[in-house]
Amino acid sequence: MLKLLIVDDEIYVLRAMRKSIDFAALGFDEVHQAMGAKEAMSILQTQAIDLIICDIEMPGMNGLDLIEWVNEHTPEVETIFLTGHAEFAYAKRAVQLGSFEYLLKPVKPEELTATIQLAIDKIEKDRAAAGLLETSKKYQTLWELQKAVVVERFWQNLLSGRIVPGEENMRAVNLPIHPHSQILPILLSIEQWHKEFSLRDEDTLEYAIRNAAAELLLGDYAGGIIKDENGILFALVYETSGRLPDPAALAEACRAFADACNRYFYCTVSCYIGHMVPIHSLTEVVHRLIELEQENLSSPLSVQQLRQPALQGNRNKTPLSIPWSDWVVLFESGNKAELLKRLNQLFAEMQEAQADTESASALYHALTYMMYHVAHKNGLSVKEWSGLRERSGELAAIRSIPQLKAWAEKLIDTGSRYLDNQRNECSLIIEKTKMYIKANLKDVTREKAANYIYLNSAYLSRIFKRETGQSLIDFIIQAKMDRAKILLTESNLKIVDVCEEIGYENYSHFGQAFKKKVGISPLEYRKRFQSLDIT
């Protein structure tokens, strides 16, 4: 037994819908109608409604507010929005409210019928699921809600060096891989937003982008879409049952994904494709992808593949268990003397134990990962750090313990000095960026600011957010509004000229942005704060 509620403030829409759709044939025993939100709320309080077909623009409380109320009181009710307004804000809010579908008027009866049937299918599936034991359902739901978070945390911990890959911790998060499996990482870089969005809007769109990446990039391969601790998105493709992705097909999937982001999610996205590596080598490849992104200054909407280094011996063994996390803390905090002291102790132990080449290689990679990790965390490039960019450097460094010791000391000394210099330079970059923005408010964009200081725009945005706590886009908007407030109160410029002066071509857009930041309209602000006599 199904009950339907149709909400629309236009009586002819209600009549046309009831005339053109055979609701009884679809399985509805009762069809209720309301010409406004209040009438709909009254019906919902007395009837067990299963599906609502709802308009958005209505006098008084609109359809979005009604469904928000419905979600609070009867969250099991499904909703189909039927509206004549193709506004992104409406569609975004509808998604946030969990609506089943969002259709634009006029809609063909067969399209609406098909959508209703899909909603009924979902309702029936939900009812069938409700028949399971309550305890089983409760814990299954909790696990499904937390699974993605738990898996993402696992990869964050692994990439940061807090854990090493092992059967036990992989089994704990239910990953379909083992410690010797291979992983292919793809860095997903949001290079440019085509519209001005708040952080909440960007988060909503990023959620959609992650879902699109899972569908288009992973396809039927096992894997996941994760965000690392610095906010960078990665697609991880797992090797399962010896099945490896085809590089050409993967590149084509990346192009399709980038095109979808450009068309539907208001952004330009670049994909940087790594290669299959054992899990213990994933950190190094991830950081090499980050460097590839940093160096891409002029090719947005691109798909680039990381060049695979020549094989150097057997890399399928798990590295030695070394206090990697302690080394990271010592190096990042500038305690070079203590780090070298601990390394010398380890070198002495290796010399006494007559360590083999495999152990030397493990130590070599541990120090390499340490450098990449600290550089990544601080938004820096390691391309100038001696010993990291030369792919043949390992063979020379691990020929003997003394040679490895000399290489490590040089690496740490060079890295420490470079880290100090680059931290100071990073602060200068932020200040230079701010000055450029304030001097070029009329036509400034995130991309122009990045080009001015010769950095990739996505990379600049990350270090700007890390250093200031504010996104680069928010800073640009705030700078524009601050300038607008000065012009409104200290000049005789017409408001439309103020709008043009700070780079807004659309007055309505400027008014909305100003009110969102300041709390009142530009005209109200001028009336309230201007000391000049404007006629």
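Note that the structure is predicted; figures quoted are calculated from it, not measured. All residue numbers refer to positions in the sequence shown, counting from 1.
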Worked verdict on Arg93 versus Asp65 for salt bridge (Lys or Arg N to Asp or Glu O under 4.0 Å): CA-CA 10 Å; Arg93 183 95 184 277; Asp65 293 332; 3.5 Å; yes

Leu4/Ile49 under side chain to side chain contact (heavy atoms under 4.5 Å, CB included): CA gap, chis, key distance, verdict: CA-CA 6 Å; Leu4 173 69; Ile49 299 297; over 6 Å; no

Full working for side-chain hydrogen bond (donor to acceptor under 3.5 Å, both in side chains) between Gln478 and Asp482: CA-CA 6 Å; Gln478 186 63 59; Asp482 288 344; 2.9 Å; yes

Cation-pi, Tyr452 ring and Lys432 (6.0 angstrom, 45 degrees): yes

Chi angles and distances behind the side chain to side chain contact (heavy atoms under 4.5 Å, CB included) call for His287, Leu292: CA-CA 9 Å; His287 289 305; Leu292 189 62; over 6 Å; no

Distance-only side-chain donor-acceptor flag, Gln96 / Thr204, under 3.5 Å: yes

Short side-chain to backbone donor-acceptor contact, Asn230 and Ile232, under 3.5 Å: no

Heavy-atom side-chain proximity of Ile463 to Leu455 below 4.5 angstrom: yes

Other residues, nucleotides, ligands: >12 heavy atoms within 6.0 Å of Tyr507 OH: yes

Test item: Ile520 and Arg528 side chains (from C-beta on) under 4.5 Å apart, heavy atoms: yes

Check: Glu524/Ser521 side-chain N/O donor and acceptor closer than 3.5 Å: yes

CA sep, side-chain torsions, deciding dist, call: Phe23, Ile116, side chain to side chain contact (heavy atoms under 4.5 Å, CB included): CA-CA 9 Å; Phe23 292 111; Ile116 294 172; 3.9 Å; yes

Atom of Ala94, atom of Tyr102 and distance for their closest heavy-atom approach: CB-CD1, 3.8 Å

Asp121 and Gln117 side chains, donor-acceptor separation under 3.5 Å: yes

Check: Ser457 main-chain N/O paired with Glu447 side-chain donor or acceptor under 3.5 Å: no

Which atom of Leu460 lies closest to which atom of Thr433, heavy atoms considered: CD1-OG1, 3.9 Å

Nearest-0.5 Å distance that lies between atom CG in Leu51 and atom CG in Leu26: 10.0 Å

Gap between atom SG of Cys267 and atom CG of Asn262 - 0.5 Å precision: 7.5 Å

Euclidean distance, Leu184 CG relative to Ile186 CD1, rounded to 0.5 Å: 5.5 Å

Pairing of Arg255 and Asp259 as salt bridge, 4.0 angstrom limit: no

Nearest non-hydrogen partners of Ala208 and Phe265, listed with the distance: CB-CE2, 3.6 Å

Electrostatic pair Glu490:Arg526 at N-O distance under 4.0 angstrom: no

Inter- and intrachain pairs under salt bridge (Lys or Arg N to Asp or Glu O under 4.0 Å), touching residues 40-56, at least two apart: Asp50-Arg127, Asp55-Lys105

Where Ala458 and Ile190 come nearest, the two heavy atoms and their spacing: CB-O, 3.6 Å

Spatial distance of atom CD1 (Ile21) from atom CD (Glu110) [nearest 0.5 Å]: 8.5 Å

Heavy-atom donor-acceptor pair, Asn440 side chain to Asp443 backbone, under 3.5 Å: no

Sub-4.5 Å side-chain heavy-atom contact between Leu282 and Pro185: yes

Pairwise distance NE2(His194) to OH(Tyr266) - rounded to 0.5 angstrom: 11.0 Å

Leu44 side chain reached by Trp69 side chain, heavy atoms, under 4.5 Å: yes

Proximity of His509 and Tyr504 rings by center, below 6.0 Å: yes

Neighbour count >12 (heavy atoms, 6.0 Å) for atom NZ, Lys485: yes

Residues Ser189 and Glu293: side-chain donor-acceptor under 3.5 angstrom: yes

Shortest non-hydrogen contact between Lys517 and Ile477, atoms and distance: CE-CG2, 3.7 Å

Donor on one side chain, acceptor on other, His32 and Glu30, under 3.5 Å: yes

Sub-4.5 Å side-chain heavy-atom contact between Glu78 and Lys122: yes

Ring-ring centroid check Tyr525 Phe514, cutoff 6.0 Å: yes

Sidechain-backbone polar pair: Lys3 side chain, Phe28 backbone, donor-acceptor under 3.5 Å: no

Gap between atom SG of Cys271 and atom CD of Gln304 - 0.5 Å precision: 10.5 Å

Side-chain donor-acceptor pair present, Asn211, Glu215, cut-off under 3.5 Å: no

Main-chain N/O of Pro75 paired with Asn71 side-chain donor or acceptor, under 3.5 Å: no

Side-chain heavy-atom pair Arg15, Lys19 within 4.5 angstrom cut-off: no

pair Val31-Arg18: side-chain heavy atoms closer than 4.5 Å: yes

Residue pair Leu112 / Met17, side-chain heavy-atom distance below 4.5 Å: yes

Minimum heavy-atom distance Ile437-Ala449, with the two atoms named: CG1-CB, 4.5 Å

Where at least one partner belongs to residues 495-510, residue pairs that pass salt bridge (Lys or Arg N to Asp or Glu O under 4.0 Å), sequence neighbours excluded: none

Side chain to side chain contact (heavy atoms under 4.5 Å, CB included) evaluation trace for Phe154 with Ile226: CA-CA 10 Å; Phe154 167 83; Ile226 68 156; over 6 Å; no

Backbone N/O of Glu76 and side chain of Thr74: donor-acceptor pair under 3.5 Å: no

